[in-house]
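Following: one structure in structure tokens, then a few remarks.
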Protein chains: 2
Amino acid sequence: MKTSKKRSDCPINRSLEIWGDKWSLLIIRDLMFKKQCTYGDFLKSEEKIATNILASRLLVLEENDLITKLDHPDSKAKVLYQLTEKGIELFPVIVEISLWAEKYYEVPEERKLVLEKAKQNKAAFIEKGIRKMKEGL
Amino acid sequence: MKTSKKRSDCPINRSLEIWGDKWSLLIIRDLMFKKQCTYGDFLKSEEKIATNILASRLLVLEENDLITKLDHPDSKAKVLYQLTEKGIELFPVIVEISLWAEKYYEVPEERKLVLEKAKQNKAAFIEKGIRKMKEGL
DNA sequence: AAATTTACTTGCATTTTGCAAGTAATTAAT
DNA sequence: ATTAATTACTTGCAAAATGCAAGTAAATTT
């Protein structure tokens, strides 16, 4: 892994340097929905990430402490990935992105209900989401 | 411009398909801070985007109605870029990203004050920011 | 013991990025 | 009026990232 030079200390920039690509936030999203995922779980997602890209993104996210690896309780052949606190704290970002996209694009039917709840009391929705996720740490 | 195939209707995915890269949100950020920017203004930003990348990102953002071009009042040689309503609505995303990064990374001194204000009353801060920006439309 | 599953890695073609230089249309300076 | 700068890009090319298909090694299942 090469150390990419830091472009600036702007918080937007620092964030983009870590997860500013077309895949990383989908991995984070999967972990927010499912709490724990195996490598295979990520590959099953609708967007069909390539296995080498998945491996490289997981590595970057792990190196930056957004996710951690755990032993799978059932099998040594499996690995569980889960969000760290730092990863969980991206929940507000994920919520706002979702709400933005919902305003301008079609959203799958099954997502609409959650988004309604998020809108009704955004702060509470976010706080509760984070609290729930942190229970699993 | 090639039409990239849609990977899924997930709102996170739809968003990433448009601005999921290392530069687009920096352009959006600049426009949120400065309201209107010329091509040269973007090039002056600390992160030093390459001119061809800037041109291609501006085109994508314009094609997706996040920004618009305006005639510069002073000169036909200049072009003004500004956010559309759809672009302005990304403000909550920008705020949450900033707050996330502030928790885990160094932030330039001059940004700290505004981030404090954002934290103190996030909803009001966001609403006011959006309202102000929409005045310029 | 053999077949399957799981988490990756590898090789290679395609695409995107980044850098440096170039261009065309204004605008400013002489 | 002519020349020099500005401004907003474009172009060419090397380097890096992405995407696809196939391969591998350890564990698990049959």
Side-chain angles (χ1 to χ4, degrees), chain A residues 1-8 12-13 16-27 30-31 34 36-64 67-82, chain B residues 1-8 12-13 16-27 30-31 34 36-64 67-82:
Chain A
M1 211 61 216
K2 67 189 39 168
T3 62
S4 52
K5 54 179 174 290
K6 194 163 62 176
R7 300 182 300 184
S8 86
I12 303 295
N13 181 57
L16 294 177
E17 282 178 353
I18 297 169
W19 46 259
D21 66 88
K22 298 233 182 297
W23 294 108
S24 296
L25 283 187
L26 296 178
I27 292 172
D30 285 351
L31 286 170
K34 306 184 41 187
Q36 295 183 322
C37 292
T38 63
Y39 194 86
D41 287 334
F42 293 118
L43 292 175
K44 280 177 216 141
S45 286
E46 203 182 347
E47 293 88 4
K48 298 284 162 250
I49 189 170
T51 83
N52 55 339
I53 309 294
L54 176 59
S56 84
R57 293 298 125 203
L58 286 172
L59 184 61
V60 171
L61 293 175
E62 197 191 353
E63 286 173 341
N64 287 280
I67 64 176
T68 35
K69 282 185 183 193
L70 292 161
D71 293 341
H72 191 106
D74 302 353
S75 159
K76 280 180 194 164
K78 295 183 182 176
V79 178
L80 278 179
Y81 288 92
Q82 73 171 20
Chain B
M1 210 61 214
K2 66 189 41 170
T3 61
S4 52
K5 54 181 174 289
K6 194 163 60 176
R7 299 182 299 185
S8 86
I12 303 294
N13 182 57
L16 294 177
E17 282 178 352
I18 297 169
W19 48 258
D21 66 89
K22 297 231 182 298
W23 295 107
S24 296
L25 283 187
L26 296 178
I27 293 172
D30 285 350
L31 286 170
K34 306 186 38 186
Q36 296 182 322
C37 292
T38 63
Y39 194 85
D41 288 335
F42 292 118
L43 292 176
K44 278 177 220 143
S45 286
E46 201 182 348
E47 293 87 4
K48 298 285 162 247
I49 189 170
T51 85
N52 56 339
I53 308 295
L54 175 59
S56 85
R57 294 297 124 205
L58 287 172
L59 184 62
V60 171
L61 293 176
E62 197 191 354
E63 285 173 342
N64 287 281
I67 64 175
T68 35
K69 283 185 182 191
L70 291 157
D71 293 341
H72 192 106
D74 302 351
S75 158
K76 281 181 194 164
K78 294 183 183 176
V79 178
L80 278 180
Y81 288 91
Q82 74 171 20

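Naming convention: chains lettered A, B, ... in sequence-line order (proteins, then strands); numbering from 1 in each chain.
For V79(A), the side-chain atoms get nearest to dA7(C) when compared with the rest of dT18(D), dA22(D), dA7(C). With dT27(C), dG19(D), dC9(D) as the choices, the nucleotide that has an atom nearest any side-chain atom of K76(B) turns out to be dT27(C). Of the listed nucleotides (dC20(D), dT9(C), dT10(D)), dC20(D) has the atom at the smallest distance from the side chain of A50(A). Side-chain proximity of Y39(B) to dT10(D), dT17(C), dC8(C): nearest is dT10(D). Closest approach to the N52(A) side chain among dC9(D), dC8(C), dG19(D) is made by dG19(D) (side chain taken as heavy atoms from C-beta onward).
Between D30(B) and L26(B) the shortest side-chain heavy-atom distance does not fall below 4.5 Å.
Backbone-only contact: S75(B) has heavy atoms under 4.0 Å from sugar-phosphate atoms and none from a base. Using a 4.0 Å heavy-atom distance criterion, F42(A) is classed as making no nucleic acid contact. Contact annotation for K69(B): backbone-only contact, meaning every heavy-atom pair under 4.0 Å involves sugar-phosphate atoms and none involves a base.
In this structure, L26(B) places its CG atom 15 Å from C1' of dT17(C), rounding to the nearest Å. For the pair L16(A) CG and dA17(D) P, the interatomic distance rounds to 16 Å; values are reported in whole Å. Across the protein-nucleic acid pair, L43(B) atom CG and dT10(D) atom C1' stand 13 Å apart, rounded to whole Å. The distance between atom CG of D71(B) and atom P of dT7(D), rounded to the nearest whole Å, is 17 Å. Atom pair L58(A):CG and dC8(C):C1' shows a separation of 10 Å (rounding to whole Å applied). Rounded to whole Å, atom P of dT4(C) lies 17 Å from atom NZ of K78(A). Going from atom CD of E17(A) over to atom P of dT17(C) covers 15 Å, rounded to whole Å. One interatomic measurement links the two molecules: CD1 of I49(A) to C1' of dA17(D), which rounds to 13 Å at whole-angstrom precision.
Between W23(A) and dT18(D), a side-chain N or O to OP1/OP2 separation shorter than 4.0 Å is absent. Look at R57(B) and you'll find a side-chain N or O under 4.0 angstrom from OP1 or OP2 of dT17(C).
In the interface, the side chain of T38(B) is not paired with the base of dT7(D) through any donor and acceptor atom under 3.5 Å apart.
Both L80(B) and A77(A) lie close to DNA chain D; mapped to their nearest nucleotides by heavy-atom distance, the more 5′-ward contact belongs to L80(B).
For the pair N64(A) (side chain) and I18(A) (backbone), a donor-acceptor distance under 3.5 Å is absent. Formation of a donor-acceptor pair under 3.5 Å by the S45(A) side chain with backbone atoms of E47(A) is not found in this model. In this structure, Y39(A) contributes its side chain and Y81(A) its backbone to no donor-acceptor pair below 3.5 Å. Counting only distance, with no hydrogens or angles, the side chain of K76(A) and the backbone of H72(A) share no donor-acceptor pair below 3.5 Å.
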